[in-house]
Amino acid sequence: MNYPYVTEFRQSLVEWFEKEKRDLPWRHTKDPYKIWVSEVMLQQTRVDTVIPYYNRFMESFPTLELLAEAPQEYLLKHWEGLGYYSRARNLQAGVREVLESYGGIVPDNRHEISKLKGIGPYTAGAILSIAYNKPEHAVDGNVMRVLSRVLNIHEDIALPKTKKIFEAAVEELIDPENASSFNQGLMELGALICSPTSPKCLLCPVREYCTAFNEGEPENLPIKSKKVKMKHISYDVFVCEDEDGRILMEQRPEEGLLANMWQFPMVEQEDDSLIKFAQHHELNVQAHQPILTFKHIFSHLTWHVNAYYMKSKTAEKGEWLTREQIELLPMPVPMLKIWQAIK
DNA sequence: AAAGCGGGGTT
DNA sequence: AACCCAGCTTT
């Protein structure tokens, strides 16, 4: 690696972290289960977003056993609005594996913990280092940004193989006695100081040991290629209420986008989609009116939603639920938006 | 190696 | 509007 400041970098980073770290709910524990939950929630998700979800989750599922026993719908309700809902289902599958195969003890080595559903290379290293203080790499977007600057690495971080370079670097740099503070320090530095744009180098505890600060251009690292083609789809959504005040609902498939989440019936927009919808459900629609139109942007596609409200005579087909029942169902944000408009 | 998978904040 | 965020799974 040919980096001359290993000892100084370690010491400065760990000291800075232990002095300046934010007071976060999951930093009050070393329970591997709780660290696990926090790390899964934090995947592609900001700290400020996660905090209320984590607190609510720990009130309902304070132990691994209670999470293992929870109905999936109740679990998803706790994840509602957080996104990437497969994380929640994988987490539950993972804790069940721990109970069945490891006597309820989260494994303390990479080989075993990596077998658990939802635990990839990053989360494995995060749990091992934070809960067990094991000197294991935990390379996320923050770490790649920080180390690309400290070590002046110009490889494209969008390429999967590039992550191996950073994992190898962490293995050499990591403080074997303070793995927890070292790994968290790298991420905390990325969050507070070594930001994507306008890094605050003058406040940085390791700027003396930063190759890009000394010899390069920190603000132009890391190198990241990008190519995204956004897809667009238009949907009609029908909020259909019968004479008893019950509303027609449907559950999404168990695989794919928003798996197992509930929604008001939704069909791809066509000129006669309302007629087709009414025929399919054998509805006797008496009146309908537009509620709202909006755009919902996912990471890889955009929904253009037209929502309508309608009254129908009571029909046999489909799941007709009361407002109280609907409140208990996990729904994605676009549906919550429509539900708010209805109420 | 590439694609699918949420939602929201920042610039 | 583009980018980013304490990434993982499937193909």
Side-chain angles (χ1 to χ4, degrees), chain A residues 17 21-22 24-27 35-54 76 79-91 93-94 113-131 137-146 156-164 166-167 170 180 182-192 194-199 219 222-231 252-253 255-261 294-303 330-337:
Chain A
F17 174 73
K21 64 183 175 188
R22 290 168 291 177
L24 303 174
W26 45 90
R27 287 183 176 164
I35 302 297
W36 183 1
V37 171
S38 73
E39 289 299 336
V40 171
M41 286 186 170
L42 286 162
Q43 289 166 10
Q44 301 295 165
T45 311
R46 282 183 165 68
V47 165
D48 290 344
T49 304
V50 166
I51 289 172
Y53 282 90
Y54 175 86
L76 284 175
W79 215 270
E80 184 181 77
L82 197 53
Y84 287 132
Y85 300 96
S86 64
R87 291 185 294 177
R89 294 182 290 117
N90 288 338
L91 174 61
I113 202 172
S114 297
K115 293 178 183 171
L116 300 173
K117 206 73 175 165
I119 299 192
Y122 164 76
T123 307
I127 297 171
L128 294 173
S129 59
I130 297 172
H137 60 75
V139 174
D140 68 345
N142 276 317
V143 172
M144 288 200 281
R145 184 174 61 257
V146 169
D156 180 2
I157 66 166
L159 301 178
K161 64 176 183 181
T162 302
K163 201 168 70 168
K164 293 181 171 55
F166 290 97
E167 288 171 347
V170 171
S180 172
F182 181 90
N183 277 345
Q184 292 187 81
L186 280 180
M187 295 188 274
E188 194 80 341
L189 194 63
L192 300 182
C194 198
S195 37
T197 59
S198 331
E219 64 278 11
I223 306 295
K224 181 169 181 155
S225 64
K226 201 55 190 171
K227 39 192 158 280
V228 180
K229 39 176 177 263
M230 184 74 86
K231 279 197 274 187
R252 295 180 62 86
E255 304 261 319
L257 182 65
L258 302 170
N260 288 346
M261 302 289 280
F294 61 92
K295 196 164 61 169
H296 185 78
I297 301 168
F298 297 87
S299 49
H300 56 303
L301 67 100
T302 301
W303 282 1
M331 291 193 285
V333 164
M335 295 297 151
L336 293 173
K337 203 175 292 182

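Just so it is clear: chains get the letters A, B, ... in the order the sequence lines come, proteins before strands, and each one is counted from 1.
In this structure, Arg145(A) places its CZ atom 8 Å from C1' of dC4(C), rounding to the nearest Å. One interatomic measurement links the two molecules: NZ of Lys337(A) to C1' of dG6(B), which rounds to 12 Å at whole-angstrom precision. The CH2-C1' distance, from Trp36(A) to dG7(C), rounds to 16 Å in whole Å. If you take CG of Leu42(A) and P of dG7(C), they are 8 Å apart, rounded to a whole angstrom. Residue Arg87(A) contributes atom CZ, which lies 11 Å from atom P of dC8(C) at whole-angstrom precision. Rounded to an integer number of Å, the gap from Lys21(A) NZ to dA6(C) P is 18 Å. In this structure, CD of Gln43(A) is placed 16 Å from C1' of dC4(C), rounded to the nearest angstrom. The nearest whole Å value for the distance from the CG atom in Leu192(A) to the P atom in dC5(C) is 13 Å.
Gln43(A) and Thr123(A) form a side-chain donor-acceptor contact under 3.5 Å, judged by distance and modelled atom types alone.
Within 4.0 Å (heavy atoms only), Val47(A) reaches at least one base atom of the nucleic acid. In this structure, Arg22(A) reaches the bases: a heavy-atom distance under 4.0 Å links it to at least one base atom across the strands shown. Residue-level contact check: Asn90(A) touches the backbone only, with heavy atoms under 4.0 Å from sugar-phosphate atoms and none from bases. Among the heavy atoms of the strands, none lies under 4.0 Å from Trp303(A).
Tyr84(A) meets the ring-ring contact (aromatic ring centres under 6.0 Å, His included) test with no other residue; sequence neighbours excluded. For Thr45(A), the side chain to side chain donor-acceptor pair (under 3.5 Å) partners are Arg87(A), not counting sequence neighbours. Residues passing the salt bridge (charged side-chain N to carboxylate O under 4.0 Å, His left out) test with Glu188(A), sequence neighbours excluded: Arg22(A), Arg27(A). Qualifying ring-ring contact (aromatic ring centres under 6.0 Å, His included) partners for Trp26(A), counting only residues two or more places apart in sequence or in other chains: Tyr54(A). In this structure Asn260(A) satisfies the side chain to side chain donor-acceptor pair (under 3.5 Å) test together with Gln72(A), sequence neighbours excluded. Considering only residues two or more places apart in sequence or on other chains, Ser38(A) meets the side chain to side chain donor-acceptor pair (under 3.5 Å) condition with none of them. Glu167(A) meets the salt bridge (charged side-chain N to carboxylate O under 4.0 Å, His left out) test with no other residue; sequence neighbours excluded.
Distances shown here put a side-chain N or O of His300(A) below 4.0 Å from the OP1 or OP2 atom of dC5(B).
Close placement of the Trp303(A) and Phe298(A) rings is indicated, their centers lying within 6.0 Å of each other.
Of the C1' atoms belonging to dG9(B) and dC8(C), the separation is 22 Å, rounded to the nearest Å. Comparing the P positions of dA6(C) and dG4(B) gives a spacing of 24 Å, expressed to the nearest Å. The same atom, P, is picked in dT9(C) and in dG8(B); the two are 24 Å apart, to the nearest Å.
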Please enumerate all protein N or O atoms sitting under 3.5 Å from an N or O of nucleotides 1-3 of chain C, with distances to 0.1 Å.
none

Nucleotide N/O to protein N/O under 3.5 Å, stretch nucleotides 7-11 of chain B:
from   : atom 1 : to        : atom 2 : distance (Å)
dG7(B) : OP1    : Tyr85(A)  : OH     : 2.7
dG7(B) : OP1    : Val333(A) : N      : 3.3
dG7(B) : OP2    : His296(A) : NE2    : 3.1
dG8(B) : N2     : Arg46(A)  : NH1    : 2.4

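Here the side chain of Lys117(A) is nearest to one of dA6(C), dT10(C), dC4(C), namely dT10(C). In the set dC8(C), dC5(C), dA6(C), dC8(C) carries the atom at the smallest distance from any side-chain atom of Thr123(A).
In terms of heavy atoms, Leu116(A) sits closest to Gly94(A) at CD2-O, 4.0 Å.
Residue whose closest nucleotide on DNA chain C sits further toward the 5' end, between Glu255(A) and Gln184(A): Gln184(A).
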